[in-house]
2 protein chains.
Amino acid sequence: MADTVLFEFLHTEMVAELWAHDPDPGPGVSAGSCGEEAGATTGQKMSLSVLEGMGFRVGQALGERLPRETLAFREELDVLKFLCKDLWVAVFQKQMDSLRTNHQGTYVLQDNSFPLLLPMASGLQYLEEAPKFLAFTCGLLRGALCTLGIESVVTASVAALPVCKFQVVIPKS
Amino acid sequence: MADTVLFEFLHTEMVAELWAHDPDPGPGVSAGSCGEEAGATTGQKMSLSVLEGMGFRVGQALGERLPRETLAFREELDVLKFLCKDLWVAVFQKQMDSLRTNHQGTYVLQDNSFPLLLPMASGLQYLEEAPKFLAFTCGLLRGALCTLGIESVVTASVAALPVCKFQVVIPKS
């Protein structure tokens with residue numbers, strides 16, 4: 001019961017804590033792979049970067065524990081499908097709603113009711129608050145992909161709450 | 001599967017993040033109700049205090065969601081038993097191992113294998129690292145008690161990893 005909401009409560013606290021402090025502007029650290037921070041202060045960008053980093057390490061650790069031995073990852077697309085199903089269920093108790101790709105290394109994962117945005121009102125009202133609730137999850141995806149051997153850049157965008165799109169770009173090596 | 005470890009991964013990251021920054025010494029903020037910080041710097045005490053505060057708010061929120069309507073909390077001891085069973089199972093998927101009281105408002109809750117200490121080696125080797133892994137949970141207990149209408153002071157102590165004792169003191173009003 002409560003353990004399914006425990007992650008969400010803890011995530012909320014973590015965001016609030018990191019945002020409250022708004023750390024001193026550092027030497028131009030950017031949020032890197034977590035987009036949508038237009039207009040954010042340097043401190044807020046650092047907070048996004050910290051959240052993304054925490055998500056990355058949790059994603060790496062989760063990636064090691066997910067039952068990937070049951071799947072044969074022959075193709076990149078299989079890995080992305082795995083994230084949309086197994087990883088999303090493990091973290092959010094639901095599957096991603098859709099997965100699209102241009103077949104050139106760019107994937108768009110859409111969650112029509114992203115749990116970490118649900119506590120906010122729907123619509124456009126709190127749209128500018130959204131980025132800080134997405135950074136951790138961007139990192140989570142990037143970390144899980146990293147464990148599975150794929151380097152990526154993950155950004156998120158919200159057009160209307162609580163719909164969220166995660167864009168995964170895998171540079172061709 | 002992974003959702004049971006998600007909380008633990010996230011907690012680990014949170015502790016690491018707050019400890020890494022070792023925030024600037026503030027105006028004498030003490031860790032308050034989270035003991036065992038003897039020898040800690042002011043910054044570390046603030047980190048403990050922050051962790052305890054996050055735990056408190058998560059505990060409050062969890063306390064509101066736990067199925068307490070099935071229980072009649074006639075006595076303080078019933079509330080403590082509820083924490084040892086329902087709250088602990090919700091958060092750690094196990095019950096507390098023992099609960100003792102002096103019947104004068106002091107309760108000692110013992111977990112012989114506290115999950116947040118398990119990643120550390122057993123014995124005495126990393127004992128001084130333990131307090132930062134206890135602060136959040138001290139707050140969690142205090143927050144849940146607060147939601148249930150009981151003001152308390154919660155401290156934790158570790159004599160040998162991974163055994164942990166939480167002491168709950170409820171001042172007589």
Side-chain angles (χ1 to χ4, degrees), chain A residues 1-18 20-24 26 43 46-47 49-68 70 82-83 85-94 115-116 119 136-137 139-140 143-144 147, chain B residues 1-18 20-24 26 43 46-47 49-68 70 82-83 85-94 115-116 119 136-137 139-140 143-144 147:
Chain A
M1 193 290 302
D3 54 351
T4 57
V5 295
L6 187 59
F7 163 69
E8 291 172 32
F9 287 157
L10 191 53
H11 179 271
T12 303
E13 281 301 317
M14 207 170 62
V15 170
E17 174 56 33
L18 286 171
H21 283 191
D22 200 10
D24 299 333
M46 273 187 69
S47 296
S49 181
V50 167
L51 281 169
E52 206 270 348
M54 293 171 85
F56 179 77
R57 289 182 294 278
V58 171
Q60 276 188 311
L62 280 183
E64 285 165 8
R65 295 181 67 115
L66 287 168
R68 56 189 153 138
T70 60
F82 168 76
L83 295 186
K85 290 183 184 171
D86 296 64
L87 181 76
W88 226 243
V89 167
V91 177
F92 299 114
Q93 290 83 47
K94 64 180 293 245
L116 298 182
F136 180 87
T137 308
L140 196 77
T147 295
Chain B
M1 191 291 302
D3 55 351
T4 58
V5 295
L6 187 60
F7 163 68
E8 292 172 32
F9 287 157
L10 191 53
H11 179 271
T12 304
E13 281 302 316
M14 206 171 62
V15 170
E17 174 55 33
L18 286 172
H21 284 190
D22 198 12
D24 298 332
M46 273 186 67
S47 296
S49 180
V50 167
L51 282 169
E52 206 270 347
M54 293 170 85
F56 178 77
R57 289 182 294 277
V58 172
Q60 276 187 312
L62 280 183
E64 284 165 8
R65 294 181 68 116
L66 287 168
R68 56 188 154 140
T70 60
F82 168 76
L83 296 186
K85 291 183 185 172
D86 296 64
L87 180 76
W88 227 242
V89 167
V91 177
F92 300 113
Q93 290 82 48
K94 62 178 297 238
L116 299 182
F136 180 87
T137 309
L140 196 77
T147 294

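Below, chain A is the first sequence line, B the second, and so on; all start at residue 1. Below, each value reflects all heavy atoms present in this structure, side chains not excepted, and no hydrogens, waters or symmetry copies.
Of the listed residues B/Met14, B/Glu13, B/Arg57, B/Met54, the one with more heavy-atom pairs under 4.5 angstrom with chain A than any other is B/Glu13.
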- [ ] Mind running side chain to side chain contact (heavy atoms under 4.5 Å, CB included) on B/Val5 and A/Leu62 for me, showing each step along the way?
- [x] CA-CA 8 Å; B/Val5 295; A/Leu62 280 183; 4.1 Å; yes
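Taking CG of A/Leu140 as the reference point, atom CZ of B/Phe9 lies at 11.0 Å (rounded to 0.5 Å). Distance check: A/Phe92 CZ to B/Leu6 CG gives 8.0 Å after rounding to the nearest 0.5 Å.
A/Gln60 is linked by a side-chain hydrogen bond (donor to acceptor under 3.5 Å, both in side chains) to nothing, counting only residues two or more places apart in sequence or in another chain. The salt bridge (charged side-chain N to carboxylate O under 4.0 Å, His left out) test applied to B/Lys94 returns B/Asp97, B/Asp111, not counting sequence neighbours.
A/Val50 approaches B/Glu17 most closely through the heavy-atom pair CG1-CD, 3.2 Å.
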